[in-house]
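So the structure is just underneath, and the comments pick up after that.
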Amino acid sequence: MLSRTVLAASLALALFSPVRAEEAQPQPEIVVTATRVAQTVDATLAGVSVITRTDIDASGASDLLDLLRLQPGVDLSRTGGGGQQTSVFLRGSNPNHVLVLVDGVRVASANTGGFAWEQLPLDAVERVEIVRGPRASYWGSDAMGGVIQIFTRRLEGPRLALRGGSYGDARGSAGMGAWQGGEGFSVQAGLRHLRGYSATNAGLCSGPDDPYCSFDPDDDGYRSKNLAAQGALRVGSQRLSASLLRNDAEVAYDRGRSFAIEQAAAVNIEGDLVAGWSHRIGLSQYREDLRSPDIGALFLSRRAGLSWTNTLQLAPGQQLVAGLDLLHERGENRDLYAGSALYRDRRDNSAVFVGWQAHAGAWNGEVAGRYDANSEFGGHTTASAAVGLDTSERSRLTASVGSAFHGPNLNEQFNPGYGGYYAGNPDLQPEASRTAELSWGWRPDAVQSWETRAYRSRVRNLIAYTGPKNRAENTAHAQIDGVELSYALHLAAWRVGANTTWQDARDTDNDAELLRRPRHKLAATLERQFSADFSLGAELQAVGRRKDYGADLGGYALLNLRAGWRATPDWQVNARLENLTDRDYALVQGFNTAGRSAWLELVWQPH
């Protein structure tokens, strides 16, 4: 009912507001994540969403999760407030079934297979590309539910920002950049101090005498410092570029603290080799250090990569994308008390991929395939195909199929466990999936757009801890069915966006719902530009009930407000009010979420 109300209101606004002929249709975004080469969103045959820096600034959001949760097919869980462990689910898949890239660098831990979303500084982000659906035929392991790529900040001049808000949240950043003709540099440093609130509550405990309960009603804060830098220059016909994103953090949790370092670095050279043949060579390095002295644990993760992507124009309307990827991963789990490693292992992965893309009249087509050879679990082949038909100047039908996989992480392979319990298994095989998708996109006029996507995924060889000692085994299976409906309106001073997602994600071995994934979700935004210098906006998020360990998490609805005011040409003031109704809700059983809270930001950026 709620989704129908919001969509009906958006449609009514579109129908009863005057549409002037001179209003230009917004230009489509350019994305590179779907096929590893530049395409417009309209040209891609996958489901794609883009979050720009303009969107980030207008939202006044506290972190990227506030923006991701507004996107179709995206769900999240977080064990407390800012800096606490966060997971992102894309189209009902597991968090480690989402490939996360920062400037082209794989940033998931080699130990756990997950990305530390809570350590990503939003002020260092320029844009985010979200590709929904399997992309393993281009990217390899992990791209089962989709790919999320984050691009770091590119400043063009000096910038200073100060921000403060609820729960003792204080942060600031300062940077400088200069660009001309694709050459230049950008560097920005930031700090954050968050007093926070108690991450846990009594729901974490099975009872008052639970010996394993760590509930402590103190504030769990967060401190961090970050650096984002990039630069580029021309070397003959080639462009040489480099980027770095680093975040050092201290995270408080009940009865302890952890210290984390996340770092992604890349060097690329790209350009034309001959007429009709362009390429890109990339070197990447990822580092994660997680130290928890209170429990005597140290986790180290390292990944080095080399990629070579080539684009060849075969004929008018046809191009070939082909290349290779080489990865070397190392992981370690060390006992700080004993001074010894529970495991210390490494593995290598080499892959070749090729994709053919064609356009002829009303038809678009794409076929891609990839072969990965891993030193631990052997070879794995993935493939995908898609076709699109422009049924009119304003509508398109697409259909696609694709396979994908997720290789076991080092913890699942080599962890000796605890007294033999929950031990890894070096004989594990990759988790694998097959997905089919149908979509229809429609633009009734120059200012509105609709999109509907329906998909079905089947997953096999899921890794589960089973048997007398709960050893890691390939035993589980899952099915995920879903439908996404999106609407957008850009009309004079108004911007409206709404999307609703229905999904059924379940374990087919016992017909149980997969945890923390709602069956229904709605997100809507409304923005009004009152003048060139002042705007107001609202966000609505409605999420249905979800299963969690030993509990049902109730549905909830959140209303957020935001405002932006350009006080002078160089000074901007942004304000945000979250959870206006002070709704009490849970993302994870036994863990708290923020109540009504507010932030104010002051930005100096000469124009």
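When reading the values below, keep in mind they use all heavy atoms of this one structure, side chains included, and skip hydrogens, waters and symmetry mates.
Exactly one of Arg106, Glu262, Glu329 qualifies for a side-chain hydrogen bond (donor to acceptor under 3.5 Å, both in side chains) with Tyr286. That residue is Glu262. Applying the ring-ring contact (aromatic ring centres under 6.0 Å, His included) test between Tyr167 and each of Tyr222, Trp599, Tyr197 identifies Tyr197 as the sole match.
A donor atom on one side chain and an acceptor atom on the other are found under 3.5 Å apart for Asp75 and Gln503. Donor-acceptor pairing under 3.5 Å is lacking for the side chains of Ser375 and Asp348. Side-chain contact, His380 with Asp372: no donor N or O sits under 3.5 Å from an acceptor N or O. Side-chain contact of Asn201 with Asn592: a donor-acceptor pair under 3.5 Å is present, judged by distance alone. Ser137 and Ser384 share a side-chain donor-acceptor pair at under 3.5 Å. Between the side chains of Tyr465 and Glu412, no donor-acceptor pair of N or O atoms lies under 3.5 Å. For the residue pair Ser241 / Arg280, no side-chain donor-acceptor distance below 3.5 Å is found, with atom types taken as modelled.
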side-chain contact (heavy atoms from CB on, under 4.5 Å) evaluation trace for Thr382 with Met144: CA-CA 11 Å; Thr382 49; Met144 295 174 67; over 6 Å; no
Could you walk me through whether Asp220 and Asp254 pass the side-chain contact (heavy atoms from CB on, under 4.5 Å) test, one step at a time? CA-CA 7 Å; Asp220 296 311; Asp254 283 355; 3.1 Å; yes
I would like to know whether Glu332 and Arg330 meet salt bridge (Lys or Arg N to Asp or Glu O under 4.0 Å); could you show each step before the answer? CA-CA 7 Å; Glu332 180 177 342; Arg330 294 184 290 122; over 6 Å; no
Does Gln119 form a side-chain contact (heavy atoms from CB on, under 4.5 Å) with Val107? I'd like the steps, not just the answer. CA-CA 11 Å; Gln119 304 297 343; Val107 289; over 6 Å; no
Check the pair Ser433 / His97 against side-chain contact (heavy atoms from CB on, under 4.5 Å), numbers first and verdict last. CA-CA 10 Å; Ser433 69; His97 294 170; over 6 Å; no
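Looking at Asn425, its side chain does come within 3.5 Å of a backbone N or O of Ala472 through a donor-acceptor pair. Between the side chain of Ser292 and the backbone N or O of Ile295 there is no donor-acceptor pair closer than 3.5 Å. Distance alone, capped at 3.5 Å, places no donor-acceptor pair between the Thr33 side chain and the Glu129 backbone. Within the 3.5 Å criterion, the main-chain N or O of Val74 finds a donor-acceptor partner in the side chain of Lys521. The closest donor-acceptor contact from the side chain of Asp63 to the backbone of Leu65 lies under 3.5 Å. No side-chain donor-acceptor contact under 3.5 Å links Gln71 to the backbone of Ser49. A donor-acceptor pair under 3.5 Å is absent between the side-chain atoms of Asp55 and the main chain of Ile51, judged by distance alone. Listed for the Arg159 side chain is no donor-acceptor partner under 3.5 Å among the backbone atoms of Gln188. Using modelled atom types, one side-chain atom of Gln230 and one backbone atom of Arg153 make a donor-acceptor pair closer than 3.5 Å. In terms of modelled atom types and a separation under 3.5 Å, the side chain of Asp509 and the main chain of His477 share a donor-acceptor contact.
Sparse packing is recorded around CZ of Arg223, with 12 or fewer heavy atoms of other residues, nucleotides or ligands lying under 6.0 Å away. Around CD of Gln85, the count of heavy atoms belonging to other residues, nucleotides or ligands within 6.0 Å does not exceed 12. Annotation for Tyr337: atom OH counts as buried by contact number, over 12 foreign heavy atoms lying within 6.0 Å. Counting heavy atoms of neighbouring residues, nucleotides and ligands inside a 6.0 Å radius, atom CZ of Arg458 exceeds 12 of them.
Between Glu118 and Arg78, no side-chain nitrogen of the basic residue sits less than 4.0 Å from a carboxylate oxygen of the acidic one, so the salt-bridge criterion is not met. Looking at Arg195 and Asp219, a side-chain N of the basic residue comes within less than 4.0 Å of a carboxylate O on the acidic one, giving a salt bridge. Salt bridge annotation for Arg192-Asp123: absent, with no cationic side-chain nitrogen under 4.0 angstrom from a carboxylate oxygen. Looking at Asp345 and Arg347, no side-chain N of the basic residue comes within less than 4.0 Å of a carboxylate O on the acidic one, giving no salt bridge. Ion pair Arg53/Glu126 not flagged as a salt bridge, since none of the NZ, NE, NH1 or NH2 atoms sits closer than 4.0 Å to an Asp/Glu carboxylate oxygen. Note on Asp507 versus Lys547: no salt bridge recorded, every NZ/NE/NH1/NH2 to OD/OE distance being 4.0 Å or above. Using a 4.0 Å cut-off between a side-chain N of Lys or Arg and a carboxylate O of Asp or Glu, Asp548 and Arg546 do not qualify as a salt bridge. Salt-bridge formation is detected for the pair Arg302/Asp289: a Lys NZ or Arg NE/NH1/NH2 atom is positioned less than 4.0 Å from an Asp or Glu carboxylate oxygen.
For residues 103-136, the set of pairs meeting the ring-ring contact (aromatic ring centres under 6.0 Å, His included) definition, not counting sequence neighbours, comprises Phe115-Trp117.
No side-chain heavy atom of Leu99 sits under 4.5 Å from any side-chain heavy atom of Tyr138. The shortest distance between side-chain heavy atoms of Val128 and Phe151 does not fall below 4.5 Å. A 4.5 Å side-chain heavy-atom check between Ser62 and Asp169 finds at least one atom pair inside the cut-off. Residues Leu245 and Leu120 form a side-chain contact, since some pair of their non-hydrogen atoms from C-beta on lies under 4.5 Å apart. Counting only heavy atoms from C-beta outward, the side chains of Asn409 and Ile463 never approach each other to under 4.5 Å. Between Thr112 and Asn96 there is no side-chain heavy-atom pair separated by less than 4.5 Å. The shortest side-chain heavy-atom distance between Ser59 and Leu67 falls under the 4.5 Å cut-off.
A tilted orientation is assigned to the rings of Phe414 and Tyr343, their planes being inclined by 30° to 60°. Under the 30°/60° scheme for interplanar angles, the aromatic rings of Phe405 and Phe377 are found to stand perpendicular.
With rounding to the nearest 0.5 angstrom, the OG atom of Ser301 is 11.5 Å from the CG atom of Asn333. Note: Leu191 CG to Ser224 OG = 7.5 Å, rounded to the nearest 0.5 Å. Rounded to the nearest 0.5 Å, atoms CH2 (Trp139) and CG (Asp325) are 7.5 Å apart. Remark: Ser307 OG to Leu324 CG distance equals 8.0 Å, nearest 0.5 Å. Here the OH atom belonging to Tyr455 is positioned 9.0 Å from the CZ atom belonging to Arg132, to the nearest 0.5 angstrom. Rounding to the nearest 0.5 Å gives a distance of 5.5 Å between CD1 of Ile130 and CD1 of Ile148.
Closest approach of Val125 to Pro121, counting heavy atoms only: CG2-O, 3.6 Å. Nearest heavy atom pair, residue Arg471 against residue Pro426, reads NH2-CD, 4.3 Å. When all heavy atoms are compared, the tightest approach of Leu514 to Gly92 is CD1-O, 4.1 Å. The shortest non-hydrogen separation linking Asp66 to Ala61 is CB-CB, 3.8 Å.
Both the sub-6.0 Å distance and the 45° axial angle are not jointly satisfied by Arg516 relative to the ring of Phe89.
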